[in-house]
There are 2 protein chains.
Amino acid sequence: MASKATSIDIAYRAGVSQSTVSRALRNSPLVNLETRQRIQAIAKELNYKVDKNASNLRMQNSHTLALLICEDPTNDESMINPFFLSMLGSITRATARQGYDLLVSFQQLSTDWHADYEDSNKADGIILLGYGDYMDYAHKLDKLIEKNTHFVIWGAEHNNKAVLSIGCDNHQGGFVATEHLLGLGHKHIAFLGDSSSRSPEFRDRYLGHVDALQSTGIEADTQLQHDAINTEASGYHAANVLLDSGVTFDAIFTASDLIAIGAIRALKKRGVLVPEQVAVVGYDDIPVASFANPALTTIKQDTQFAGEILVESVLKLIRGQEVSQRLIKTHLVVRSSCGANVEDN
Amino acid sequence: MASKATSIDIAYRAGVSQSTVSRALRNSPLVNLETRQRIQAIAKELNYKVDKNASNLRMQNSHTLALLICEDPTNDESMINPFFLSMLGSITRATARQGYDLLVSFQQLSTDWHADYEDSNKADGIILLGYGDYMDYAHKLDKLIEKNTHFVIWGAEHNNKAVLSIGCDNHQGGFVATEHLLGLGHKHIAFLGDSSSRSPEFRDRYLGHVDALQSTGIEADTQLQHDAINTEASGYHAANVLLDSGVTFDAIFTASDLIAIGAIRALKKRGVLVPEQVAVVGYDDIPVASFANPALTTIKQDTQFAGEILVESVLKLIRGQEVSQRLIKTHLVVRSSCGANVEDN
DNA sequence: CTGAAAGCGCTTACAG
DNA sequence: CTGAAAGCGCTTACAG
């Protein structure tokens, strides 16, 4: 088969100059309408597509966004955080809708991603999706800023004000979850999830939890908080630690659904009934949540909307427009793990 | 901040020509080792990255793969087939391991994707992931072939021999699933899923099912087969149709986990006990499968391995190497929905 | 409205 | 081992 058609081939066939072809294909009003249409027809016939490399090189942009998904290094290779997967879906769609392409890459937090895509002119902007330990890559973000890269990070507000972050209101989510459990009559609510500043999102959920307790006059009991990272195994382990501690509790709010599912497994194994003896509320509303047994009451983050906002924001950054921090409201999804009287599917 | 460094900047600092810089950065042995190292050091210091657009334009390749995920148009926008998501994860990793970038795009089967990425020189090859109705895009594949595009499709063997497909052995999967149910003493096994050639993967699972029945002297009863596409809702509906038909059955094998989950919901709603009265086996082993209630016995496709093979295959195609059709073995994951005596987590 | 020309930043034959 | 030069396929200021 013949090699790809170029604008010169079209120019030859149309009997005009290559410049005119280029203009016509970009639908420039400078070109006579009739000529334009003729050229476009030929292009279509030849199945011509503008060479993006040449075009990008010349225009100095790529009409491409890069999505870097930074995983917990502790996470099993084969198991991507389902919440990210969902975000990926919505980001892909939103990017396409804006006429951009999306380069996707999974990164270990440890690797040297700080300067790759935008530097090599493959992407005009970067979206960072990462749950784990933000401290670890603070200096990498600094590097991005220093280099004037256009990027948005998903998650908690960053202490470096130059970093644009878009995320769900974790504090509100934590507050609502705990408020719900309190409303159901629970008094001793444990929290499973890292509460340190190393996991700002989990920490904010924890702080919301603490505030909800305080708003009804209950002081958070540190014995009821146990660290866990975002895996089922970690939730299983943390619940066992909690159980072993002998401290009384009648409910658990976990920093993620995966943790909740692990915790429920631990509770069941010890013969603790969920929700009769211990109510559980998770966070994320991953697909598995509604199929857990009992079905998980959880805090839903609207990934569809979040993806759109994320894409829209990088694009604004790229265009030099004003963008601001943004907190997306979460909402409670009541199923049966909390003991509220709801019929599951 | 200053604009991006180019090879000329480096040449200037190093006191050599730009050509030498280019060679040195590609680690050409033609360049004196010492000079090479000096240049590389300067490049590092300036945080220089080769401009991919320029490089690709010159080299006429992109070191990029495109992944087109073609969704069932019937599928809800927000809900991506979890199996694809899993494939996406493994393909992303495999691509990165090979030093390629991955462009991801979700496509409606209806849209005009046939000529995009490779034509515009954005990708060297394409991986097609699509469950739905292959007939619909047969002519698009023809177009790809005609244009000499490097691509692999995931799924059933294609009747057009020029199409390279990599997929799991659906016939074997269907056979093993049904064999398992037969082994548990079930005699009237229904099949939920499209059995027409419009869904070659589902059809092959069905044929495996039929063959397993025949191998024990049972003739497949067409009254026990009901069409369903790959959604929970469709499975719910198909199970109801089956139930309404009044035909006796003691087990269901479904063409996908999503269908199985919908079917179980329908059975439960009618007061049919799973697995006591009706055993169920699904297909795919999506993450939700182990959390379904009862936990789903299913046929697992090794997405990790499949992703690697897929990437490896396009790459071979690109390099002009020999590649052949490939069927990946599936295996049975026994949980409790089939009634086998297994303890779930 | 159209064309000739420059140039985006590389890679690589060609000549030394 | 190194440099000068061509050229990948576009876009766009400049001149008409």
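Quick note on labels: first sequence line is chain A, next is B, and so on, each numbered from 1.
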Please determine whether a side-chain nitrogen of the Lys or Arg among A:Arg93 and A:Glu308 lies less than 4.0 Å from a carboxylate oxygen of the Asp or Glu.
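Here A:Arg93 does not pair with A:Glu308 in a salt bridge, since their nearest N and O are not under 4.0 Å apart.
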
Between [atom2] of [N] and [atom1] of [X], the distance in whole Å:
X	N	atom1	atom2	answer
B:Leu57	C:dT12	CG	P	13 Å
B:Asn56	D:dG9	CG	C1'	13 Å
B:Ile8	D:dA4	CD1	P	11 Å
B:Arg36	D:dC1	CZ	P	8 Å
A:Met59	D:dG9	CE	P	18 Å
A:Gln60	C:dC8	CD	C1'	6 Å
B:Asn32	D:dT2	CG	P	5 Å
A:Lys122	C:dG9	NZ	P	17 Å

Measure from the side chain of [X], starting at C-beta and using heavy atoms only, and say which of [options] lies closest.
X	options	answer
B:Val50	D:dC8, D:dT2, C:dC10	C:dC10
A:Ser19	C:dC10, D:dT12, D:dA4	D:dT12
A:Arg26	C:dC10, D:dT12, C:dG9	D:dT12
A:Asp51	C:dT2, D:dC10, C:dC10	D:dC10
B:Leu30	C:dG9, D:dC1, C:dC1	D:dC1

Given the rule in the side-chain contact (heavy atoms from CB on, under 4.5 Å) test, do A:Leu67 and A:Leu103 qualify, once you have shown the distances and angles that lead to the verdict?
CA-CA 6 Å; A:Leu67 172 62; A:Leu103 232 28; over 6 Å; no

Assign B:Thr6 to base, sugar-phosphate, or nothing according to its heavy-atom contacts below 4.0 angstrom with the strands shown.
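Sugar-phosphate: the residue B:Thr6, judged by heavy atoms under 4.0 Å, touches backbone atoms but no base.
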
Test side-chain contact (heavy atoms from CB on, under 4.5 Å) on B:Ile91 and B:Leu310 and set out the steps.
CA-CA 8 Å; B:Ile91 290 172; B:Leu310 238 21; 4.0 Å; yes

Identify the nucleotide, in any strand shown, that forms a Watson-Crick or G-U wobble pair with C:dA4, with both distances under 3.5 Å; if there is none, say none.
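Check on C:dA4: unpaired, no WC or wobble geometry under 3.5 Å.
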
Apply side-chain contact (heavy atoms from CB on, under 4.5 Å) to B:Lys122 and B:Thr64, showing your working.
CA-CA 7 Å; B:Lys122 295 206 74 165; B:Thr64 300; 6.0 Å; no

Restricting to non-hydrogen atoms, name the atom on A:Leu317 and the atom on A:Val152 that form the minimum distance, rounded to 0.1 Å.
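A:Leu317 and A:Val152 have their closest heavy atoms at CD2-CG2, 4.2 Å.
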
Please check the phosphate of [N] (OP1 and OP2 only) for any side-chain N or O of [X] closer than 4.0 Å.
X	N	result
A:Arg23	C:dG3	no
A:Ser17	C:dA4	no
A:Ser22	D:dC10	no

